[in-house]
Amino acid sequence: MVVQSPKCVQESSISNGEVSLRTESEFQKRVSPRLKEKQRVEKELLVRRRVELLDDNEEVVASAVGGGGGGGGGSEEKSSEKKKKTYKRRCIGGNVNQEEEKKKVNGEVAKTAEDSEAGNGAVKGVVAEKSDIAKVKETIRLFNKYYLLLVQEEEKRCRKVEADKKASKVSKSKKKESKATKGSKSKKMVVPVLPEDTKSKAKRPDLKAISKMMENGEILYPEKRIGNIPGIRVGHQFYSRAEMVAVGFHSHWLNGIDYMGQSYSKLEEHKDKTFPLAVAIVLSGMYEDDLDNAEDVLYTGQGGHDLTGNKRQIQDQKMERGNLALKNCVEQKIAVRVIRGHESKSSYCGKVYTYDGLYQVVHYWAEKGISGYTIFKYRLRRQDGQPLLTTNQVQFSYGRVPQSVSEIRGLVCEDITGGQEDIPIPATNLVDDPPVAPTGYKYCKSIQVAKNVKLPTNVTGCNCNGKCVDPRTCACARLNGSDFPYVSRDGGRLIEAKDVVFECGPNCGCGPDCLNRTSQRGLKYRLEVFRTPKKGWAVRSWDFIPSGAPVCEYTGILMQTEDTDSVSENNYIFDIDCLQTMRGLGGRERRFRDVSVPTIISSDRHDDLRSESVPEFCIDAGSTGNIARFINHSCEPNLFVQCVLSSHHDIKLARIMLFAADNIPPLQELTYDYGYALDSVYGPDGKIKQMACYCGAPDCRKRLF
DNA sequence: TTCATTCAGTCGTAT
DNA sequence: ACGACTGAATGAACC
């Protein structure tokens, strides 16, 4: 294809994990001296070392994903007791292939040759049991899904309430008239409407979500535990109290002190202890003086607070419940988990809760508080030998988000989009000397269509006006299983991954503000392209990204797959293959039955898709593309791929969107699962090519392909 | 910015 | 089976 400077090839190829068609000589020249040798020595050691090197920089920030990947070693066995709970949801992320294999064994018809190959390949190389960290991640994703579903429910209810209000106001006079004739009916209207109506808005979808998870037995650790919880390392960030409940890390969404009650004294393993016994506390941060410094904490007991209004003491605190539990910790030298709540403005979540590690309750005493009532104070000291306190690091990392262009360290390009995007995307390079900027491609915000590809025309859309709200009347909503795939919170969040999302488009009656055009609004977050030591270019966000939020589209040249064969140096080809996309869900659960396969896609065409081993169309971002071409692969990604149809309904030509699969803190590298089937990539010699994966995830498949 | 209201599981007590 | 207990989340009301 295009002649690129050697440097460019290097950058681009590594950055995208080296897709496929590189020549063997190039491959060896660039990667092998360092890689292959070590690979032979020991794969795992290599991976770990790389992760350490890599995360040197990012560990500070990416507490959930990054890190040494080690942690899990011994604890994996313990987790088997909870296997049942998570088992049914194993068909996600890195284990998709495994799940397919299982289905086959169960007698389901193998779909395609490609599929079965993927299954076989995966079973050989994949870690059988999920790491504890992955389980936690999965649990929180489930929580987020419930949360968004319940937000949607709430939004619907509120709309209805509002509509009813309007209607009732308008028809007030009419009602009076009709009272005479329809007395009984109006009575019925008033009775059920009033209680719902008055509770107009605040319904706490977060609490609803944990209720649902309890109901379904989906709390990861329903039993309280003393000490660390598998999969939650020091520095782990939670984005709400409810999230902690979902994991079982702190089982109250409200209380500061979580403790084991008397009932635990019956258990054999706790026979020698006195209960109640505290296991975890949350420092809400409202007592500024609670925090002496990072290693020492002064904690005020519970009770006697005025629940409503000003949080003043109105009673003496009593030595009972949580206070007693903490006292017992002093006497029995039991360490408690300490979670610190931080205000984090400039983020959608508002508050972040960081796990700061185990603390010994060394001392307690009673004193008279400001209001003259007795309060209990507890002195906690951090246990030695724990990872450095993350509080400072978090602040450091948040502080590191540059406020202006002049503050950006290692800036090599102020805006790689050349003004095309609403928000500039700077590129930084603190790795190379001299620092180089990403080159060898042309930035293009929107997709380019190859000459021999024709997008369908004469497509009908919905007939809504302004914003689409009623899923019963909006034709686009009906295609999505009679519901909108987005909630309006935070400017539009996708509730969950779907096989395909039908958005409103140019053929619809609604306007640009329609919720069902969420993925068409361009970039919302301040992204940065940055150079990594080992993985080439990478992308991160300076803003917090809530789960389900659209991050960017994958753009490039939309072309026929067969035309790409001549383009042999290209590493940026994204196949528009629904099956492949589903493999790359990255942890989002599929809901097959919820997606009505629309009649517009004729059934024979659908069969075509299934039987085809190679998708007909692809997006080539090799020479032309947007920010998405710099996003790296990970086996445990924080983004997922979602096919979106907006201007037409041909699934083979769907747009490729990347959405946040998790709540993503600022400066965490953005990644998605490239979704390669193992042993599916062939070199020029016709032999299967392999590529090691260095994403560093605990459940890394070790191979990209 | 502050204010007021709601939210729901846990733990202990009382059946 | 019941009720006290708890302070986060949230929209409204407030300048």
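Among the heavy atoms of the strands lying under 4.0 Å from Y147(A) are primed sugar atoms or P, OP1, OP2 only; no base atom is included. Across all strands shown, G303(A) has heavy atoms under 4.0 Å from sugar-phosphate atoms exclusively, and none from any base. Among the protein residues, F275(A) comes within range of no part of the nucleic acid, since none of its heavy atoms lies under 4.0 Å from any strand.
A cation-pi geometry, defined here as NZ or CZ lying under 6.0 Å from the six-membered ring centre and within 45° of its normal, holds between R337(A) and F249(A).
Distance, Y239(A) OH to dA8(C) P: 19 Å, rounded to whole Å. Per the geometry, CG belonging to L207(A) stands 12 Å off C1' belonging to dT6(C), to the nearest Å. Between H250(A) atom NE2 and dT10(B) atom C1' there is a gap of 12 Å when expressed in whole angstrom units. For the pair W253(A) CH2 and dT10(B) C1', the interatomic distance rounds to 12 Å; values are reported in whole Å. Here the P atom of nucleotide dA8(C) and the CD1 atom of I210(A) are 14 Å apart, to the nearest Å. Between the P atom of dG7(C) and the CG atom of N323(A) lies a distance of 10 Å, rounded to the nearest Å. One interatomic measurement links the two molecules: NZ of K208(A) to C1' of dA8(C), which rounds to 16 Å at whole-angstrom precision. To the nearest angstrom, C1' of dG11(C) lies 12 Å from CD of E154(A).
For the pair N480(A) (side chain) and P485(A) (backbone), a donor-acceptor distance under 3.5 Å is absent.
On a pure distance criterion of 3.5 Å, a polar donor-acceptor pair joins the side chain of R204(A) and the base of dA8(C).
In terms of position on DNA chain C, the residue among Q302(A) and D206(A) whose nearest nucleotide sits closer to the 5' end is Q302(A).
Regarding contacts with the backbone of dA8(C), every side-chain N or O of S240(A) stays at 4.0 angstrom or more from both OP1 and OP2.
Residues Y299(A) and V338(A) form no side-chain contact, since every pair of their non-hydrogen atoms from C-beta on lies 4.5 Å or further apart. Residues N328(A) and E331(A) are in side-chain contact: their nearest non-hydrogen atoms beyond the backbone lie under 4.5 Å apart.
Residue C329(A) comes nearest to A278(A) through the heavy atom pair SG-O, 3.3 Å, listed as atom of the first residue, atom of the second, then distance.
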So F275(A) and Y259(A), ring pair (Phe, Tyr, Trp, His ring centres under 6.0 Å) or not? Walk me through it. CA-CA 9 Å; F275(A) 287 87; Y259(A) 61 97; 9.9 Å; no
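Taking atom C1' on both nucleotides, dT10(C) is separated from dC14(C) by 16 Å, rounded to a whole Å.
Here the options are R517(A), E503(A), Q152(A), the test is side-chain hydrogen bond (donor to acceptor under 3.5 Å, both in side chains), and the partner is Y486(A); only E503(A) passes.
Nucleotide dC7(B): unpaired (no Watson-Crick or G-U wobble partner with both distances less than 3.5 Å).
Set against dT10(B), dA9(C), dT10(C), the side chain of R489(A) has dT10(C) as its closest nucleotide.
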Would you tabulate the pairs of protein nitrogen or oxygen atoms and nucleotide nitrogen or oxygen atoms of nucleotides 11-15 of chain B closer than 3.5 angstrom?
from	atom 1	to	atom 2	distance (Å)
dC11(B)	OP1	K224(A)	NZ	2.6
dC11(B)	OP1	Y259(A)	O	3.0
dG12(B)	OP2	Q262(A)	N	3.1

